[in-house]
Novice: 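Mind looking over this structure? Questions follow.
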Protein chains: 2
Amino acid sequence: MNPVAPTSVEIENPRETFKEFLASKGLRVTNQRTAIFDAAFKIEDHFTAEDLLDHARALDDSVSRATVYRSLPLLTESGLIREVDVGHDNKYYLASHRAKTFQAQVICEDCSHIFEVDAPFMEWYGKTVCDKLDMTPESQRLQVSAHCSNFTKTGSCERGGKTVATA
Amino acid sequence: MNPVAPTSVEIENPRETFKEFLASKGLRVTNQRTAIFDAAFKIEDHFTAEDLLDHARALDDSVSRATVYRSLPLLTESGLIREVDVGHDNKYYLASHRAKTFQAQVICEDCSHIFEVDAPFMEWYGKTVCDKLDMTPESQRLQVSAHCSNFTKTGSCERGGKTVATA
DNA sequence: ATTGATGCAAACTGTTTGCACAGCT
DNA sequence: AGCTGTGCAAACAGTTTGCATCAAT
């Protein structure tokens, strides 16, 4: 559909990839880490640390909050989970296979829903601006806060559970 | 220089404007509120709540942390101060007369310095994307995290105190 | 004189950390 | 056995709030 859409990195065996990542850093593959990873990879939406704790506990009830917080940096470092900083109260995360490389977020002010939309030009923009400042771009993010016209009318902006919109 | 640069709203008498804002909401003009506003308007850089407390106390040492936090929403509501959410640990603010309407931020990962740069296309982008989702854009922000090549070489990326760069 | 605004300190939220114990390898 | 990873609870940072007092209108 979109001829220049950024490609999402599709990983064959993500869990194995995670284990390899741990091994490569000399870290152990524990039940908790596996449960946390499995949970994170399975959640279809953007999630918070607390959400992740809930889901991970459903898989292994020995998982503690501390371990979730200690694992999150590992997950993001491995590239399998990405941090989506909306600037709101707490941080959000999203499994990488649900997001493409350069995407912007549209945050619904009414229901807090986060839509991921393609924004391939972001890379170019970051480079252009950084060149002028003699800097090297590391990452960029583009976020639009918006109101759902559906919500304003009907008082609800549920979109049938569709979370990752490719507008 | 820039033919389509967004214009910064220049206010003749900002302190008076703030007083009028307070009056219009039936709020009292207190010494503390005035001190906090004066401090905020005078700070040349992006500032945190704590920075503002320091500066406000220099003008009126009776100002408390609680009042600063209680005043910040007033300042942003009045439009005289704007919130610049960098997603980092704490929130940053900036006097509106130091920022233009559509600007992006380049955040130096090395010294945490925030550069404001023109990004007039943001408005267009927000509208375009929101149309597709049947939403109404409220605000948009574009942020680039970057490394300062100067810092990497010399271990310092002070740019002569220049904070608001118009790249 | 009213009634809103303030300072203080305690509460709160999200996250991090010290410590003793559990469990990989 | 040795040492990493864990759960627990306490610590932490930034922000919010309840309450008695203070001061703008």
Side-chain angles (χ1 to χ4, degrees), chain A residues 18-40 46-78 81 83-93 112, chain B residues 15-16 18-40 46-78 81 83-93 112:
Chain A
F18 182 58
K19 286 186 181 175
E20 280 161 24
F21 169 78
L22 289 176
S24 78
K25 301 210 78 177
L27 299 170
R28 292 180 184 167
V29 179
T30 64
N31 289 338
Q32 289 89 341
R33 280 177 180 158
T34 309
I36 291 168
F37 168 75
D38 284 350
H46 296 75
F47 56 88
T48 63
E50 203 64 21
D51 292 335
L52 183 52
L53 174 62
D54 290 344
H55 283 78
R57 274 190 169 153
L59 301 178
D60 177 344
D61 61 358
S62 79
V63 171
S64 75
R65 184 170 286 106
T67 302
V68 167
Y69 278 107
R70 282 190 272 238
S71 298
L72 275 168
L74 261 35
L75 292 170
T76 54
E77 248 183 272
S78 77
I81 299 293
E83 203 182 299
V84 178
D85 201 327
V86 192
H88 276 338
D89 344 298
N90 30 22
K91 284 182 179 172
Y92 286 84
Y93 301 86
S112 300
Chain B
R15 189 201 238 163
E16 210 51 46
F18 182 59
K19 287 187 180 174
E20 279 162 24
F21 169 78
L22 290 176
S24 78
K25 302 209 76 177
L27 299 170
R28 291 178 184 170
V29 178
T30 65
N31 290 338
Q32 290 89 339
R33 281 179 178 158
T34 309
I36 291 169
F37 167 75
D38 284 349
H46 297 76
F47 57 88
T48 62
E50 203 63 23
D51 293 334
L52 183 53
L53 174 62
D54 291 343
H55 283 77
R57 274 190 169 152
L59 301 179
D60 177 343
D61 61 359
S62 80
V63 172
S64 77
R65 183 170 287 106
T67 301
V68 166
Y69 278 107
R70 282 191 271 238
S71 297
L72 275 168
L74 262 35
L75 291 170
T76 54
E77 246 183 274
S78 77
I81 299 293
E83 204 181 297
V84 178
D85 202 326
V86 191
H88 275 338
D89 343 297
N90 30 22
K91 285 184 178 171
Y92 285 85
Y93 300 86
S112 300

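By convention in this document, chain letters (A, B, ...) are assigned in the order of the sequence lines, proteins followed by strands, and residues within each chain are numbered from 1.
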Novice: With a non-hydrogen cut-off below 4.0 angstrom, is B:Arg65 in contact with a base, only sugar-phosphate, or nothing?
Specialist: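 Base, at least one base atom sits under 4.0 Å.
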Novice: If I take atom CD in residue B:Gln32 and atom P in nucleotide D:dA23, what distance separates them, rounded to the nearest angstrom?
Specialist: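 Taking CD of B:Gln32 and P of D:dA23, I get 9 Å after rounding.
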Novice: Just how far, in rounded Å, is P of C:dT13 from CG of A:Asp51?
Specialist: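 A:Asp51 atom CG is separated from C:dT13 atom P by 16 Å.
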Novice: Between A:Asn31 and A:Thr34, is a side chain to side chain donor-acceptor pair (under 3.5 Å) present by the stated rule, with each step listed?
Specialist: CA-CA 5 Å; A:Asn31 289 338; A:Thr34 309; 5.5 Å; no
Novice: Would you indicate which nucleotide in D:dA24, D:dT15, C:dT6 comes nearest to any side-chain atom of B:Tyr69?
Specialist: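 Selected nucleotide (nearest to the side chain): D:dT15.
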Novice: Looking only at the side chain of B:Arg28 (C-beta and beyond, no hydrogens), which of the listed nucleotides D:dA23, D:dG5, D:dT15 gets closest?
Specialist: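 Closest nucleotide to the B:Arg28 side chain: D:dA23.
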Novice: For A:Leu72 and C:dG14, what is the distance between atoms CG and C1' respectively, to the nearest whole Å?
Specialist: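 It works out to 12 Å between those atoms.
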Novice: Rounded to the nearest 0.5 Å, how far apart are NE2 of A:His55 and CG of A:Asp60?
Specialist: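 Spacing of NE2 (A:His55) from CG (A:Asp60) equals 15.0 Å.
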Novice: Mind checking if A:Arg33 touches a base, just sugar-phosphate, or nothing, with heavy atoms under 4.0 Å?
Specialist: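 The residue A:Arg33 makes sugar-phosphate contact but no base contact.
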Novice: Under 4.0 Å between a side-chain N/O of A:Thr30 and OP1 or OP2 of D:dT6, yes or no?
Specialist: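 Answer is yes, contact under 4.0 Å.
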Novice: Of the nucleotides C:dT17, C:dT6, D:dG5, which has the atom closest to the A:Ala66 side chain?
Specialist: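 Given the options C:dT17, C:dT6, D:dG5, the side chain of A:Ala66 is closest to C:dT17.
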Novice: Rounded to the nearest 0.5 Å, what's the gap from CG on B:Asp61 to CD on B:Gln32? Could you check?
Specialist: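 B:Asp61 CG to B:Gln32 CD: 10.0 Å, rounded to 0.5 Å.
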Novice: Need to verify one output field. Residue with the more 5' nearest nucleotide on DNA chain D, A:Ser64 or B:Thr48?
Specialist: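 Result of the comparison: A:Ser64.
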Novice: Report the distance from atom CG of B:Leu52 to atom C1' of D:dT15, rounded to the nearest whole Å.
Specialist: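 Roughly 14 Å, once rounded to whole Å.
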Novice: Which atom names give the shortest non-hydrogen contact between B:Leu52 and B:Leu75, and what distance separates them?
Specialist: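 Distance-wise, the nearest heavy atoms are CD2-CD1, 4.4 Å.
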Novice: Here's a test of your reading of the structure: between B:Leu27 and A:Asn31, which maps to the more 5' nucleotide of DNA chain D?
Specialist: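 Whichever sits nearer the 5' end wins; that is A:Asn31.
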